[in-house]
Amino acid sequence: LVSTSWSQPLVLDEAAAITYLEEYDRLAADMSYQYAEAAWKYETNITEETLANMTEWSLKRSDFNYREAKNASRFDLSKINNQNISRLLRKVMDIGTAAFPDTVKLEKISDLEGEMTSIYSRARGCLNTTTCLPLEPDLVDIIANSRNYAELTAAWKGWRDASGRNIKKLYPEYVSLLNEAITFEGKYKDMGDYYRSSYESPTFENDVKALFLELAPLYENLHAYVRRRLKEHYGADKFPSTGHIPAHILGNMWAQDWTNIYDLVAPYPDKRTVDITKALIDQNYTIIRMYKVAEDFFSSIGLYKMPHLFWEKSLLVKPVNREVVCHASAWDFSNKRDFRIKQCTALTEEHLLTVHHEMGHIIYYLAYKDLPYLYREGANPGFHEGMADIVTLSFQTPEHMKKIGLLDAIPGQNDTEGDINFLFRMALSKAAFLPFGYLVDQWRWSVFRGETKPERYNEKWWDLRCDFQGIYPPVERSNADFDPGAKYHIPGGTPYISYFVSFVAQFQWHKALCKVANIAGPLHRCDIYSNTIAGARLNDMLKMGSSRPWGEAMLKITSGTSGQTDKLSVAPLLEYFDPLIKWLQENNKKYNEILGWDKKNCPNFLSPHILSGSPRVQNITFILTMMSALFS
Ligand SMILES: CC(=O)N[C@@H](CC(=O)O)C(=O)NC[C@H](CC1(C(=O)N[C@@H](Cc2ccc(O)cc2)C(=O)O)CCCC1)C(=O)O
Ligand SMILES: [Zn+2]
């Protein structure tokens with residue numbers, strides 16, 4: 001601790017604080033280990049017992065945090081000059097819902113979250129009266145590969161009926177208990193306020209809104225082009241005059257990543273389309289080899305190999321004999337040795353990217369493992385996600401795919417059509433995601449603020465989906481449904497704006513790393529593989545953990561380059577896609593495509609009043625009935 005403190009004179013309180021913090025560090029890491037083991041046992045074997053054990057440890061952890069926050073409040077921060085010590089003490093005292101003394105209600109929150117995650121992880125969506133399938137891999141594969149409109153509709157609706165509908169009844173209490181717990185101390189206005197506080201910026205909410213608006217032209221051009229091409233395939237009758245795209249024909253259960261329909265909408269289809277999944281199968285890739293390839297990327301830039309416990313304790317394939325939480329995740333067991341991935345890995349390109357993503361989290365854990373426990377987190381949550389994603393910007397380049405033998409011919413950089421095809425494919429994941437990455441927490445923050453009540457949960461969700469994503473539900477929805485519950489992070493209670501922040505930041509970092517590594521050529525063809533200069537610059541930021549406000553971490557990566565800044569900026573993302581934006585604008589103009597959609601009118605969402613039976617409607621109905629009786 002002393003080594004990380006800034007050289008300032010120590011006063012009595014500080015010396016005592018350092019002694020206290022060293023003891024705290026050991027106890028907190030141990031408590032975190034115990035909780036992680038309990039959570040791991042639950043997620044890799046969903047039973048009543050493992051859920052109860054996890055809840056028990058969740059309570060023990062809250063109780064520990066509560067006691068230590070009380071201990072830390074003995075120190076008078078006004079007498080602590082050392083910034084490092086005061087930052088650590090503030091983190092000990094910033095314990096969120098654990099400050100709430102009503103442990104019965106805290107237990108209920110943990111139980112509700114566990115129960116909603118169990119429902120989500122065990123749900124089977126029915127395609128008809130006889131066939132009911134799990135989300136991974138079955139329903140995901142149908143949505144990715146089927147080109148049959150009716151079959152896609154059945155999988156889309158089946159999943160939501162099995163997940164969201166069954167989670168709906170638990171969510172209102174979950175929200176009110178979280179708000180009651182988080183507002184108890186008076187530090188936070190509601191749970192959304194607490195989530196946003198991890199960005200340490202009072203203007204954060206408006207900052208992300210401004211970033212999103214700057215990205216709208218890119219998304220609208222992609223949306224207009226993809227809509228036209230999908231009309232050719234599915235028939236214009238499936239597309240309403242409002243300009244929306246049906247939500248279930250974009251290759252992903254939540255329409256958040258459109259790469260799976262690349263074959264349907266590629267700009268130059270005759271050009272060789274990369275099929276990495278096929279290459280993985282043809283080359284008899286094993287699951288383990290997917291992880292070795294990812295490990296090789298990180299070690300090639302001078303970062304880290306996976307510790308031996310990783311290979312010993314990770315769960316990399318879906319077990320056949322028990323229920324698990326298949327949603328992939330990376331785990332830090334807070335003992336500097338034990339780091340794991342849990343993933344129901346399948347032999348597909350999408351999973352190979354997820355392997356790199358999860359291992360990117362592990363690399364971040366390894367980079368800051370020797371910091372004080374309280375600093376072992378991302379500079380902000382979006383930074384952890386950005387680190388997880390950044391290597392995929394190099395890994396997916398044709399150059400890199402050729403280097404590792406997953407692609408034989410690469411489109412030359414002067415092969416404009418091949419280059420546009422590649423950029424387009426990257427846009428199907430990195431641009432298509434932006435409105436979704438933005439809207440999930442717009443919905444959740446409006447719920448936590450009390451602006452969106454339970455009887456309008458689904459209406460607000462589709463207002464946002466129709467407004468920001470320009471998609472609409474293929475089958476009628478109402479407030480009897482709960483479609484937000486069909487997305488893992490809502491029942492799981494995990495924040496989502498971190499992904500939007502990540503998608504902006506990762507392009508800032510990619511641009512800066514390619515610059516310092518002196519890699520020539522356009523940004524979208526830059527591959528930092530085996531470039532230790534890029535790796536060292538990245539590592540310098542990772543090693544900071546959350547010891548300093550995240551603007552300093554952003555500066556650490558971007559300093560000395562044209563993108564030098566301590567803020568988020570969409571300029572590098574727009575620079576990366578610039579050739580494609582021009583191509584899309586030209587193509588949309590050629591076909592007289594009207595960009596955008598009717599943002600205030602969502603097809604297929606039944607007017608909420610009739611279904612929610614608001615009194616206003618009831619007495620209108622009553623009068624109409626009486627009048628018709630009079631005149632009949
Ligand atoms: C113990 C724990 O929870 N650990 C955290 C990590 C940490 O905080 O230390 C963690 O493992 N979270 C799981 C989560 C999994 C995935 C995810 O949920 N992705 C989002 C959004 C997205 C989409 C495209 C993309 O390219 C990147 C992200 C989605 O699928 O909607 C699933 C596939 C990819 C990442 C993750 O790794 O972020
Ligand atoms: Zn992640």
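Both ligands and their constituent atoms are indexed starting at 1 by order of listing.
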Give the residue, atom name and distance (to 0.1 Å) of the protein heavy atom nearest [atom].
atom	value
atom 14 (C) of ligand 1	Y499 OH, 3.5 Å
atom 9 (O) of ligand 1	Y365 OH, 2.5 Å
atom 24 (C) of ligand 1	F503 CZ, 4.1 Å
atom 23 (C) of ligand 1	Q256 NE2, 3.7 Å
atom 17 (C) of ligand 1	H327 NE2, 3.5 Å
atom 15 (C) of ligand 1	A328 O, 3.0 Å
atom 3 (O) of ligand 1	S329 CB, 4.4 Å
atom 8 (O) of ligand 1	E385 OE2, 4.2 Å

Which of the numbered atoms in ligand 1 are below 4.0 angstrom from a heavy atom of [X]?
X	answer
H489	17 (C), 18 (O), 20 (C), 29 (C), 31 (O)
T354	33 (C)
K487	29 (C), 30 (O), 31 (O)

Between Y457 and F482, how do the two ring planes meet: parallel, tilted or perpendicular, split at 30° and 60°?
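Ring orientation of Y457 relative to F482: tilted.
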Assign the ring pair Y120 / W159 to parallel, tilted or perpendicular, where the plane angle (0 to 90°) is split at 30° and 60°.
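Rings of Y120 and W159: perpendicular, over 60°.
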Tell me yes or no: between the side chains of [X] and [Y], is some donor less than 3.5 Å from an acceptor?
X	Y	value
E377	S546	yes
D30	Y373	no
E295	Y291	no

Hey, is E205 close enough to R196 for a salt bridge, meaning N to O under 4.0 Å?
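Looking at E205 and R196, the cut-off is met.
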If you measure from the Lys or Arg side-chain nitrogens to the Asp or Glu carboxylate oxygens, is any gap between E552 and K556 under 4.0 Å?
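No, this pair does not count.
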Tell me the contacting part of [X] for ligand 1: side chain, backbone, both, or neither, using a 4.0 Å heavy-atom threshold, strictly below.
X	value
Y496	side chain
D389	side chain
W254	neither

Among Y496, W254, F468, ring pair (Phe, Tyr, Trp, His ring centres under 6.0 Å) partner for F436
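Per the ring pair (Phe, Tyr, Trp, His ring centres under 6.0 Å) rule, the option paired with F436 is Y496, out of Y496, W254, F468.
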Which option, E350, R340, E358, H356, owns the non-hydrogen atom nearest atom 34 (C) of ligand 1?
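When every heavy atom of E350, R340, E358, H356 is considered, E358 comes closest to atom 34 (C) of ligand 1.
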N/O of [X] under 3.5 Å from N/O of ligand 1, yes or no?
X	result
W331	no
H361	yes
A330	yes

Shortest-distance N, O or S atom of E385 relative to the Zn ion (ligand 2):
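When I compare the N, O and S atoms of E385, OE1 is nearest to the Zn ion (ligand 2).
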Ring-face cation of R61 near W57 (centre distance under 6.0 Å, axis angle within 45°)
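Pair R61/W57 does not count as cation-pi.
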Taking the six-membered ring of Y35, is NZ or CZ of K60 closer than 6.0 Å to its centre and within 45° of its axis?
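That pair does not qualify as a cation-pi contact.
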Of the backbone and side-chain N, O or S atoms of H361, does one lie nearer to the Zn ion (ligand 2) than 2.8 Å?
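Yes, H361 qualifies, because one of its backbone or side-chain N, O or S atoms lies under 2.8 Å.
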To the nearest 0.5 Å, what is the distance between CG (L428) and OG1 (T259)?
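OG1 of T259 is found 6.5 Å from CG of L428.
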Pairwise side-chain contact, W550 with L568, heavy-atom cut-off 4.5 Å (strictly under):
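Yes, at least one pair of side-chain atoms sits under 4.5 Å.
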